[in-house]
Q: 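Quick one: this structure, given as structure tokens, is what I'll be asking you about.
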Amino acid sequence: MDLRNIAIIAHVDHGKTTLVDELLKQSGAFRENQAVAERAMDSNDLERERGITILAKATSVEWKDTRINIVDTPGHADFGGEVERILSMVDGVVLLVDAAEGPMPQTKFVTSKALALGLRPIVVLNKVDKPDAEPDRALDECFDLFANLGADDDQLDFPAMYASGRSGWADMELDGPRKDLSALFDLIVDHVPAPKQIDQKSEPFRMLATTLGSDPFIGRILTGRVESGTLKAGDSLKALSRDGTLIENFRASKILAFRGLGQQPIDVAEAGDIVTIAGMSKATVADSLVAPQVEEALPAQPIDPPTITVTFGINDSPLAGRDGKKVQSRVIRDRLMKEAESNVAIRITDTPGGEAFEVAGRGELQMGVLIENMRREGFELSISRPQVLFREENGQRLEPIEEVTIDVDDEYSGSVIEKITGARKGELAEMRPAGTGKTRIIAHVPSRGLIGYHGEFLTDTRGTGVLNRVFHDWAPHKGQIPGRRAGVLISMENGQAVAYALWNLEERGRMFVSPQTDVYQGMVIGEHSRDNDLEVNPLKGKKLTNVRASGSDDAVRLTPHIRFSLEEAIAYIDDDELVEVTPNAVRLRKRFLDPHERKRMAKSA
């Protein structure tokens, strides 16, 4: 059977997973009466809740005697470690672009990786049936994007289609029949080349591992594309690291291939197919699985370095151990090491004392997803404010710069530009109209300036602005950037917050807790209206007497308190604060510092 390997690239919420649903349905991957969940490729709970793709996943469909392996890539740059490995498995990419929004920053990030590998794109303009769709403008922007990313003439001569993933049709013309996706299937078969290695069956077996997983029945499993040769279940193999060092010898106990949404055991893996192999105990991502006579490892795609670091520590607050079962530093370390094994985009470092661990990664969203997964598994953690990683080159200190793309109503554009180009040290790169009453602002801003900015941005734009960011380049250090301006309200007592006390504290600032919430000494319960921290008593009830008078009993009416999501809490805290994360709560608190540490922080400030 002929083979085609493709990846689908799209920005968050441009309809990629919905289109894959339709490709699976129309190719006959499901039985007629089979119950299939919407967005079937988003198998992770967090992916379904947030509507984003976090883990790259493969599926396979058959179309007119051709097997098409489809890889669903993450749409967010924070999960770029997945993207860089996955693109090495495919021979072509389908770029899905919202016809109203056009190509967005995350599209640019993944597309640049694909073009650098020499892959020829197919552009699919999705959601053309929406009233605000402008497919011609979006198509022109795609061409400009490819040209700016250094595409060659073959890549610039790309075919384009008009589609509606939700309605399940794609046509070469905007006013086509709008029946089904057969035109897209045919274009993939005609335009994407078959795997180059398909004629190398006589050569020894070689495969580069791109994703790592585990199965409760067969143990550790590695997925990748067979570069050359064939493999039968039970054959001997060896694993080589990137520099060619032998890691282990093992026997391929099982070979699985993607068929529809599931995987099925197969007898023989052939060159060009994407398969999963079991039987190894040490081999991991970016290692080469090869026949015993092969001495050289396959070239592995370099991974972009992490840009931020967050400290994970044990939860040492007075409320520790009430919600979670996994609270010891040893258990937290084991879980983080397991994560680093399968996710090559993060690095784990032990801190002196062994009670905390520095986790370096791509961005706040990647960290937020890792912490959310851990709290659902029963962990309790204390999380520090994200710190940007710097680089030294030729005696000069460099910091990461991000390209920020903002779509905002015209009336709010002035305040947004003032914020990002003022104290946050950003540079305006482009500003242009983006549809009725909207402005698109593109700026290059230090990563330090964007930590904690998103909440402020939503306030400035009354919740109507859209902000996307992607790593741009390294640049000389731009000097000090001020942190949060407002101070916080800190509880001075242990117990349960009282409505009367919170009501009286509202004139001091905005509350983060509701009545009957457990609080403790050092816990942050609100934001102060001034720039200094203030210790308050949220347990102070009303003094009761025997005397009643009509004017003395005021009705307690509380303003709704602020509820932080996990990412918002991490972005909000200052250097001397922590986020306490448990399966049932997200709390903010001051660090419990010894006198020497307190003195050192005061000096550095």
Q: Give the minimum heavy-atom separation between Pro103 and Ala138, together with the two atoms involved.
A: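 It is CD-O, 4.0 Å.
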Q: Output all residues satisfying side-chain contact (heavy atoms from CB on, under 4.5 Å) with Ser253, sequence neighbours left out; order by chain, then residue number.
A: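 side-chain contact (heavy atoms from CB on, under 4.5 Å) check on Ser253 returns Ala278.
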Q: Hey, does the side chain of Ser167 reach the backbone of Ser164 with a donor-acceptor pair shorter than 3.5 angstrom?
A: no
Q: If you compare all heavy atoms of Arg375 against all heavy atoms of Glu372, which two are closest, and at what distance to 0.1 Å?
A: CG-O, 3.2 Å
Q: Taking the side chain as every heavy atom from C-beta outward, state whether Asp186 and Lys64 have any pair of such atoms under 4.5 Å apart.
A: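 Yes. Closest side-chain heavy atoms under 4.5 Å.
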Q: For the residue pair Leu370 and Gln366, establish whether any side-chain heavy-atom pair is separated by less than 4.5 Å.
A: no
Q: Partners of Lys438 by salt bridge (charged side-chain N to carboxylate O under 4.0 Å, His left out), sequence neighbours excluded?
A: Asp409
Q: Between Tyr162 and Asp136, which heavy-atom pair has the shortest distance, and what is it?
A: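 Nearest pair, atom of Tyr162 first, then Asp136: OH-OD1, 4.2 Å.
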Q: Is the closest side-chain heavy-atom distance between Ile221 and Ile218 below 4.5 Å?
A: yes
Q: Kindly determine whether Arg4 and Thr66 satisfy side chain to side chain contact (heavy atoms under 4.5 Å, CB included), including the steps that lead there.
A: CA-CA 7 Å; Arg4 298 291 185 274; Thr66 302; 3.8 Å; yes
Q: When you look at Met367 and Ile570, which way does the side chain to side chain contact (heavy atoms under 4.5 Å, CB included) test go after all the steps?
A: CA-CA 10 Å; Met367 292 298 166; Ile570 293 169; 5.6 Å; no
Q: How many angstroms lie between OH in Tyr412 and CZ in Phe457, if you round to the nearest 0.5 Å?
A: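 If I round to the nearest 0.5 Å, the distance is 11.5 Å.
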Q: Begin from the C-alpha positions of Arg225 and Glu227 and carry the test salt bridge (charged side-chain N to carboxylate O under 4.0 Å, His left out) through to its verdict.
A: CA-CA 6 Å; Arg225 182 176 70 167; Glu227 298 293 325; 3.7 Å; yes
Q: Counting only N and O atoms by type, is there a donor-acceptor contact under 3.5 Å from the side chain of Thr210 to the main-chain atoms of Thr223?
A: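 Side chain of Thr210 to backbone of Thr223: a pair is present.
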Q: Applying ring-ring contact (aromatic ring centres under 6.0 Å, His included), which residue pairs with at least one partner in residues 265-291 are found, sequence neighbours left out?
A: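 Sorted result for residues 265-291: empty, none.
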Q: Measuring from Ile68:CD1 to Asn5:CG, what's the distance to the nearest 0.5 Å?
A: 10.0 Å
Q: Tell me every residue that passes side-chain contact (heavy atoms from CB on, under 4.5 Å) with Val268, counting only those two or more places apart in sequence or in another chain.
A: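 Result, side-chain contact (heavy atoms from CB on, under 4.5 Å) vs Val268: Thr230, Lys232, Glu270.
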Q: So do the side chains of Cys142 and Val97 get within less than 4.5 Å of each other, counting heavy atoms only?
A: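 Yes, at least one pair of side-chain atoms sits under 4.5 Å.
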Q: Please say which of Leu231, Asp235, Leu256 ends up in a side chain to side chain contact (heavy atoms under 4.5 Å, CB included) with Ile277.
A: Leu231
Q: Can you check whether Val94 reaches Ile9 side chain to side chain, under 4.5 Å on heavy atoms?
A: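 Result no, sub-4.5 Å side-chain heavy-atom pair not found.
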Q: Identify the two heavy atoms, one from Phe146 and one from Pro121, that lie closest to each other, and give their separation to 0.1 Å.
A: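 Scanning both residues completely, I find the closest heavy atoms to be CE1-CG, 3.7 Å.
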Q: Counting only N and O atoms by type, is there a donor-acceptor contact under 3.5 Å from the side chain of Arg67 to the main-chain atoms of Trp63?
A: no
Q: With sequence neighbours left out, what residues match Asp171 under side-chain hydrogen bond (donor to acceptor under 3.5 Å, both in side chains)?
A: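 Asp171 satisfies side-chain hydrogen bond (donor to acceptor under 3.5 Å, both in side chains) with no residue once adjacent residues are dropped.
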Q: side-chain contact (heavy atoms from CB on, under 4.5 Å) with Arg432: which residues, sequence neighbours excluded?
A: Glu141, Glu430, Arg440
Q: Look at Lys127 together with Asp132 and state whether they make a salt bridge at an N to O cut-off of under 4.0 Å.
A: no
Q: Shortest non-hydrogen contact from Arg137 to Ala99?
A: NH2-O, 4.2 Å
Q: Give the C-alpha distance, both sets of side-chain angles, the deciding distance and a yes or no for side chain to side chain contact (heavy atoms under 4.5 Å, CB included) between Ile247 and Leu240.
A: CA-CA 6 Å; Ile247 298 169; Leu240 302 176; over 6 Å; no
Q: Quick one: do the Asn126 and Asp98 side chains pair a donor with an acceptor below 3.5 Å?
A: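 Short answer, no.
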Q: For Glu568, what residues pass the salt bridge (charged side-chain N to carboxylate O under 4.0 Å, His left out) criterion, not counting sequence neighbours?
A: none
Q: Working to the nearest 0.5 Å, report the span between CD1 of Ile6 and CD1 of Ile70.
A: 5.0 Å
Q: Tell me whether Asp473 at atom CG has more than 12 heavy atoms from other residues, nucleotides or ligands lying less than 6.0 Å away.
A: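 Correct, the count exceeds 12.
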Q: Measure the spacing between CG of Leu181 and CG of Leu187 and express it to the nearest 0.5 Å.
A: 12.0 Å
Q: Thr464 vs Thr461, test: side chain to side chain contact (heavy atoms under 4.5 Å, CB included). Steps then yes/no.
A: CA-CA 6 Å; Thr464 60; Thr461 61; 4.1 Å; yes
Q: Test of understanding: with side-chain hydrogen bond (donor to acceptor under 3.5 Å, both in side chains), list the residues that count as partners of Asp287, not counting sequence neighbours.
A: none
Q: Could you report the tightest heavy-atom contact between Val275 and Ala257, atom names first, then the distance?
A: CG1-CB, 4.5 Å
Q: Mind checking what makes salt bridge (charged side-chain N to carboxylate O under 4.0 Å, His left out) contact with Lys282, not counting sequence neighbours?
A: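 Checked Lys282 against salt bridge (charged side-chain N to carboxylate O under 4.0 Å, His left out); zero matches.
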Q: Mind checking side-chain hydrogen bond (donor to acceptor under 3.5 Å, both in side chains) for Arg347 and listing every partner two or more places apart, or none if nothing turns up?
A: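 side-chain hydrogen bond (donor to acceptor under 3.5 Å, both in side chains) list for Arg347, sorted by chain: empty.
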Q: Does a side-chain heavy-atom distance below 4.5 Å link Leu149 with Thr111?
A: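 Touching, per the 4.5 Å side-chain cut-off.
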Q: Determine whether a donor-acceptor pair (N or O, by modelled atom type, separation under 3.5 Å) exists between the side chain of Asn148 and the backbone of Asp144.
A: yes
Q: Tell me, do Ile122 and Leu95 make a side-chain contact under 4.5 Å, heavy atoms counted?
A: no
Q: Tabulate below the donor-acceptor pairs under 3.5 Å that side-chain atoms of residues 151-161 make, not counting sequence neighbours, or state none.
A:
from   : atom 1 : to     : atom 2 : distance (Å)
Asp152 : OD1    : Asp154 : N      : 3.2
Asp152 : OD1    : Gln155 : N      : 2.8
Gln155 : OE1    : Asp152 : N      : 3.1
Gln155 : NE2    : Leu115 : O      : 3.2
Gln155 : NE2    : Leu119 : O      : 3.0

Q: Other residues, nucleotides and ligands only: do more than 12 of their heavy atoms fall within 6.0 Å of CZ on Arg563?
A: no
Q: Determine whether Val124 and Leu184 make a side-chain contact, defined as any pair of heavy atoms from C-beta on separated by less than 4.5 Å.
A: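 Sidechains of Leu184 and Val124: in contact.
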Q: Under the ring-ring contact (aromatic ring centres under 6.0 Å, His included) definition, can you give me all pairs with a residue in residues 203-226, not counting sequence neighbours?
A: none
Q: Measure the CD1-CD1 distance between Ile420 and Ile441 for me, rounded to the nearest 0.5 Å.
A: 6.0 Å
Q: Judged by atom type as modelled, is there a donor-acceptor pair below 3.5 Å linking the side chain of Arg166 to the main-chain atoms of Leu19?
A: no
Q: How many angstroms lie between CE in Met207 and CG in Leu289, if you round to the nearest 0.5 Å?
A: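 One finds 4.5 Å between CE of Met207 and CG of Leu289.
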